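Heads up, the thing below is written out as structure tokens.
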Amino acid sequence: MPHVLDFSGKVVIVTGGCRGIGRGIAERFLQAGANVVICCRHQPETMPSADGREAVFTVADVRDPDECERVVDVAVEHFGRLDIVVNNAGGSPPADSATASPRFSEAIVRLNLLGPLYMSQKAYAVMEKQREGGSIINIGSISGLRPSPGTVAYGAAKAGLVNMTQTLAMEWAPKIRVNCVTAGLMWTADVESFYGDAAAVERVAATVPSGRLGQPPEIADACLFLASDLSAFTTGANLVLHGGGERPPYLDAIGR
């Protein structure tokens, strides 16, 4: 029996694969033998690589459906097929909910919800013609499962991403599996600037039952699982990686 986490010959697109969680995902698939295409709005100084192999890079803004189609075309032109798409590109700076501009809010929703939809549609056009079909994995956020103060458009978009995952999984089964990985509080390059400083990061990490923030490779490993035959009966699922969840405020209120 071949190793189920051997992705040799498989072709993977990782959006936002230049840094942070996306880069970790791209490198994990490269380590597993896959051919990887990454897209970002700006070319990184160094490419994700593993075992002497590098990802193929193309500039793209996933908010534009035509650019999503071009990314898929690049993958097919280079490698002849497309097996896996990881919709990772996303994010949002903080913004006051009462004063966030319409232009800002629309841009955040386009990046975090419509971008994954556009990329999934373009991938579907290729995958549904392949005998083996394909796998689409959306990277969500804990902000989509609970209130998201200061990032209302982002939280709402990520909540929509979970519903989109379930809907596409139902429509595109059984040939194409669609799943979501919801990331909890994660350690990334800009975590200190987001929370304020290193001491603030430590205080935040202490609130996680597992006692630490998550690491990008842990999100990547979940993607490998969902893209593999180990999860052949898994579609429409939302795998939540949050280290045990967030401590309910009432516990502090009652001294527990």
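As the structure is a computational prediction, the values presented were derived from the model and not from experiment. Nothing fancy with the numbering, it's 1 onward along the sequence.
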*Are the side chain of Gln130 and the backbone N or O of Leu82 linked by a donor-acceptor pair below 3.5 Å?*
yes
*Going from SG on Cys68 to CG on Asp73, what distance comes out if it is rounded to the nearest 0.5 angstrom?*
11.0 Å
*Flag the pair Ile136 / Met127 as yes when at least one side-chain heavy-atom distance between them is below 4.5 Å, and no otherwise.*
yes
*Any donor and acceptor pair, going by atom type alone, linking the side chain of Lys175 with main-chain N or O of Glu128 inside 3.5 Å?*
yes
*asked:* Less than 4.5 Å apart, side chain to side chain, heavy atoms only: is that true for Leu239 and Asn179?
replied: no
*Where do Gly245 and Pro209 come nearest, in terms of heavy atoms and distance?*
O-CD, 2.9 Å
*Provide the closest heavy-atom pair for His42 versus Cys18 in the form atom of the first, atom of the second, distance.*
O-SG, 4.0 Å
*Would you call Ile38 and Pro48 a side-chain contact if the rule is heavy atoms closer than 4.5 Å?*
yes
*Between the main-chain N or O of Gly134 and the side-chain N or O of Asp83, is there a donor-acceptor pair closer than 3.5 Å?*
no
*Shared hydrophobic cluster for Ile142 and Val191 (ILVMFWY, side-chain gaps under 4.5 Å)*: no
*Once you round to the nearest 0.5 Å, how far does CG of Leu114 lie from CD of Gln121?*
9.5 Å
*Going hydrophobic residue to hydrophobic residue with side-chain gaps under 4.5 angstrom, can you get from Leu226 over to Ile13?*
no
_Smallest separation among heavy atoms of Leu113 and Ala157, with atom names_ = CD1-O, 3.8 Å
_Same apolar cluster (I L V M F W Y, side chains within < 4.5 Å links), Val12/Ile25_ = yes
_Can you confirm whether His78 sits close enough to Asn35 that some side-chain heavy atom of one is under 4.5 Å from a side-chain heavy atom of the other?_
no
*Under a single-linkage definition using a 4.5 Å side-chain heavy-atom cutoff for Ile, Leu, Val, Met, Phe, Trp and Tyr, are Val74 and Met119 assigned to the same hydrophobic cluster?*
yes
*Just by modelled atom types, is the Ser148 backbone N or O under 3.5 Å from a matching donor or acceptor in the Ser143 side chain?*
no
*Yes or no on side chain to side chain contact (heavy atoms under 4.5 Å, CB included) for Glu67 and Thr58, after CA distance, side-chain angles and deciding distance?*
CA-CA 10 Å; Glu67 295 199 20; Thr58 183; over 6 Å; no
*Give the minimum heavy-atom separation between Ile108 and Gly91, together with the two atoms involved.*
CD1-O, 4.0 Å
_Could you report the tightest heavy-atom contact between Tyr118 and Arg63, atom names first, then the distance?_
CE1-O, 3.4 Å
*Are the side chain of Lys158 and the backbone N or O of Ile139 linked by a donor-acceptor pair below 3.5 Å?*
yes
*Only one of Asn112, Thr182, Asn87 clears side-chain hydrogen bond (donor to acceptor under 3.5 Å, both in side chains) with Asn138; which?*
Asn87
*Quick one: CE on Met186 to CD1 on Ile219, what's the gap to the nearest 0.5 Å?*
4.0 Å
*Donor-acceptor contact below 3.5 Å, side chain Asp229 vs main chain Ala232*: no
*Sidechain N-carboxylate O distance under 4.0 Å for Arg53, Asp51*: no
*For Arg19, look at atom CZ and say whether over 12 heavy atoms of other residues, nucleotides or ligands are found less than 6.0 Å away.*
no
*Output, in order, the C-alpha distance, side-chain angles, deciding distance and verdict of side chain to side chain contact (heavy atoms under 4.5 Å, CB included) for Met47 and Val36.*
CA-CA 11 Å; Met47 292 296 168; Val36 177; over 6 Å; no
*asked:* Would you say that more than 12 heavy atoms from the other residues, nucleotides or ligands in this model lie under 6.0 Å from the CZ of Arg146, or not?
replied: yes
*When rounded to the nearest 0.5 angstrom, what distance separates CD in Glu54 from CG in Leu30?*
9.0 Å
_Measuring only between side-chain heavy atoms, which start at C-beta, is Arg28 closer than 4.5 Å to Cys223?_
no
*Go through the steps for Thr235 and Trp172 under the test side chain to side chain contact (heavy atoms under 4.5 Å, CB included), then give the verdict.*
CA-CA 10 Å; Thr235 191; Trp172 296 351; over 6 Å; no
*Can you measure from CZ (Arg41) to CG (Leu111) and round to the nearest 0.5 angstrom?*
6.5 Å
_Under 3.5 Å side-chain donor-acceptor pair for Thr165 and Asn238_ = no
_Please find the pair of heavy atoms, one from Val71 and one from Cys39, that lie closest to each other, and give the distance._
CG2-CB, 3.9 Å
*Following the transitive rule for hydrophobic clusters with a side-chain heavy-atom cut-off under 4.5 Å over Ile, Leu, Val, Met, Phe, Trp and Tyr, establish whether Met164 and Val72 coincide in one cluster.*
yes
_Tell me whether Ser231 contacts the main-chain N or O of Phe225 through its side chain, where contact means a donor paired with an acceptor under 3.5 Å._
yes
_Rounded distance [0.5 Å steps], OH in Tyr195 versus CG in Asp197_ = 13.0 Å
*Take atom NZ of Lys129 as the centre, draw a 6.0 Å sphere, and report whether it contains more than 12 heavy atoms from other residues, nucleotides or ligands.*
no
*Determine yes or no for a side-chain-to-main-chain donor-acceptor pair under 3.5 angstrom, with Arg70 supplying the side chain and Val59 the backbone.*
yes
*Decide side chain to side chain contact (heavy atoms under 4.5 Å, CB included) for Leu168 and Tyr124; before the verdict, give the C-alpha distance in whole Å, the side-chain angles of both, and the deciding distance to 0.1 Å.*
CA-CA 10 Å; Leu168 297 185; Tyr124 171 87; over 6 Å; no
